[in-house]
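A quick write-up on the structure given underneath.
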Amino acid sequence: MVKLNKLFDSFIGNSLFKDKFVLQANYSPETIPHRDEQIEQIARILAPALRGERTSNLFCYGKTGTGKTLSVQYVRNIMLKRKELLEKNDSKKETNREHELKNLRIKYINCKLKKVADTEYRILAELIRKLGSKVPVTGLPTDYVYSKFIDTIDEKKQFLILIFDEIDQTVKKMSDNLLYNLTRLNSELSNAQISIVGISNDLTFLDNIDPRVRSSLGEEEVVFPPYNALQLQNILKNRASKAFKKGVISDGVISKCAAFAAREHGDARRALDLLRVSGELAERQQDKKIQLKHIDFANDKIERDKILDIIETEPKQFQFVLLAIIKLNELKKRNKEGIEIFTGEIYTTYQNLCQRTGTDVLTPRRVSDILAEFDMLGLINARVISKGRQGRTRAIRLAIPIHLLDKSKKILYESLNL
DNA sequence: CGAGATTCATGTGAAGTATACCTTTAGGCTTAA
DNA sequence: AAGCCTAAAGGTATACTTCACATGAATCTCGTA
């Protein structure tokens, strides 16, 4: 008892953090350094909405962690605040501006969230839900959901800006139907008007979609270049001063975090994670300061958590397939065979695994799709090759780092009751 | 020896099926007049 | 008669299966030099 109390005491007393939330992914700072230009562009494009006019559709490109989502959200918040303010004033003065502004709504949707917004239907449903109506998870015809959506927004005069984060994910998986329909929706609306803001990590995204959608969606484009190491340092310093107590950061920590992240195409989120996890690690080890060694550990830990999290949350059947791949990978390594694994081998191993545990066995067709999804997730690297007389197959290479294999296997075994 | 046919093992698309879930509708029961 | 509840009917999205056809280079075949 006493021991525990002591432990807790030291924990509370010795916290290195002043406000950890500042380093978390969903924190939005008051200022966004090095993105003035982009923010101004976005604001200028969306500004007409404040006058109740339709804005151009907007498309934002940039690699992960270049501040796309943040910037868009930032502009959104300011606009919403502004709207509130104007409303208050207007209702006092009773100018005619009021009704125009009251009906500006900006909704944000992240299309990557599995089981929430990763199909046409689910995105629409989520959208309707955010607008205040109810829609069942399944069972309705998609057209019906469309008309429900139209009804919901068209019942009064209003102006709607829809932000779709990471749309490339969805469109890659599904079709560009949704976008096509949405861009054409305005002609069916009598009261309301919508504009679309798309955010994409994939720079080539617009190249591969229906030209009609492209021209309408890409009316305006904003590009987010990666941060360089210097800018990253600046960002980190800013946040660190708010997040940590004074003097807990050793020299060079910030620049090392920045350097790490700069190597990863200037990913600021990565840099911030690195700093936060380093802090957590230092704290756990009861260190008074964050040191360089903590960053290295943090780097491993982040990588590990990301992958292990994916593995853990994958559906059972996917896990079986993955386990089959890992096992084959081990086997091949032990026998010093090539590192490439083929679909057929995976399927037989997978089959054995299932039979041993009494699980239903999926068809090769389905497993093929599952493998394709793993490829998208980055868990494996696959390419379709022809081995001549030995037919065609995927040549698969496991992309999980070696030092995570054991841990991954453990998770899979546990999750599958093996 | 080399061009063209063959072949293998799987990729891939389309259509079908099972499941879980939704709305609508019709019938039965209750209630109030 | 009007109102309410329930269960069946009819419909959908999603995850998966079934069927059928496409692929593409190593290998085979066979005519030719």
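Letters go in sequence order (proteins before strands), and every chain restarts at 1.
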Original post:
Are A/Lys293 and A/Asp296 close enough for a salt bridge, meaning some N to O gap below 4.0 Å?
Top reply: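 Looking at A/Asp296 together with A/Lys293, the answer is no, because their closest N to O distance does not fall below 4.0 Å.
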
Subject >> Presence of salt bridge, A/Lys410 and A/Asp406, under 4.0 angstrom >> reply: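 No, A/Asp406 and A/Lys410 are not salt-bridged.
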
Rounded to whole Å, how long is the line connecting atom [atom1] of [X] with atom [atom2] of [N]?
{"X": "A/Phe342", "N": "B/dA9", "atom1": "CZ", "atom2": "C1'", "answer": "11 Å"}
{"X": "A/Ile385", "N": "C/dA25", "atom1": "CD1", "atom2": "P", "answer": "11 Å"}
{"X": "A/Asp369", "N": "C/dT14", "atom1": "CG", "atom2": "C1'", "answer": "13 Å"}
{"X": "A/Ile341", "N": "B/dA9", "atom1": "CD1", "atom2": "C1'", "answer": "17 Å"}
{"X": "A/Arg383", "N": "B/dT10", "atom1": "CZ", "atom2": "C1'", "answer": "15 Å"}
{"X": "A/Lys387", "N": "B/dC8", "atom1": "NZ", "atom2": "P", "answer": "14 Å"}
{"X": "A/Lys148", "N": "C/dG11", "atom1": "NZ", "atom2": "C1'", "answer": "17 Å"}
{"X": "A/Ile370", "N": "C/dT17", "atom1": "CD1", "atom2": "C1'", "answer": "13 Å"}

Original post:
Closest to the A/Arg366 side chain: C/dT14, C/dA15, B/dT10?
Top reply: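 Selected nucleotide (nearest to the side chain): C/dA15.
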
Subject >> Nearest to side-chain heavy atoms of A/Arg389, which nucleotide of C/dG24, B/dT6, C/dC16 >> reply: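 Of the options given, the side chain of A/Arg389 lies nearest B/dT6.
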
Indicate whether any N or O donor in one side chain lies under 3.5 Å from an N or O acceptor in the other, for [X] and [Y].
{"X": "A/His265", "Y": "A/Thr66", "answer": "no"}
{"X": "A/Arg184", "Y": "A/Ser216", "answer": "no"}
{"X": "A/Gln38", "Y": "A/Ser71", "answer": "no"}

Original post:
Under a 4.0 Å heavy-atom cut-off, which of residues 344-362 of chain A touch DNA chain C?
Top reply: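 DNA chain C contact set from residues 344-362 of chain A: A/Val361, A/Leu362.
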
**OP:** Not counting sequence neighbours, which residues clear side-chain contact (heavy atoms from CB on, under 4.5 Å) with A/Glu40? List them please.
**Re:**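 side-chain contact (heavy atoms from CB on, under 4.5 Å) check on A/Glu40 returns A/Arg44.
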
Subject >> For A/Phe297, side-chain contact (heavy atoms from CB on, under 4.5 Å) partners two or more places apart >> reply: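 side-chain contact (heavy atoms from CB on, under 4.5 Å) list for A/Phe297, sorted by chain: A/Leu281.
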
Subject >> C/dA25 phosphate, OP1 or OP2, under 4.0 Å from A/Ser386 side-chain N/O >> reply: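 The answer is no; no side-chain N or O of A/Ser386 sits under 4.0 Å from OP1 or OP2.
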
**OP:** Apply ring-ring contact (aromatic ring centres under 6.0 Å, His included) to A/Tyr74 and list each qualifying residue two or more places apart in sequence or on a separate chain.
**Re:**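 If we apply the ring-ring contact (aromatic ring centres under 6.0 Å, His included) test to A/Tyr74, skipping adjacent residues, there are no hits.
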
**OP:** Quick one: which residue pairs count as a ring-ring contact (aromatic ring centres under 6.0 Å, His included) with a foot in residues 321-347 of chain A, not counting sequence neighbours?
**Re:**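 Only A/Tyr347-A/Tyr350 qualify under ring-ring contact (aromatic ring centres under 6.0 Å, His included).
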
**OP:** Go along nucleotides 12-22 of chain B 5' to 3' and tag each nucleotide: B for a protein heavy atom under 4.0 Å from its base, S when only backbone or sugar atoms are that close, - otherwise.
**Re:** BB-------BS

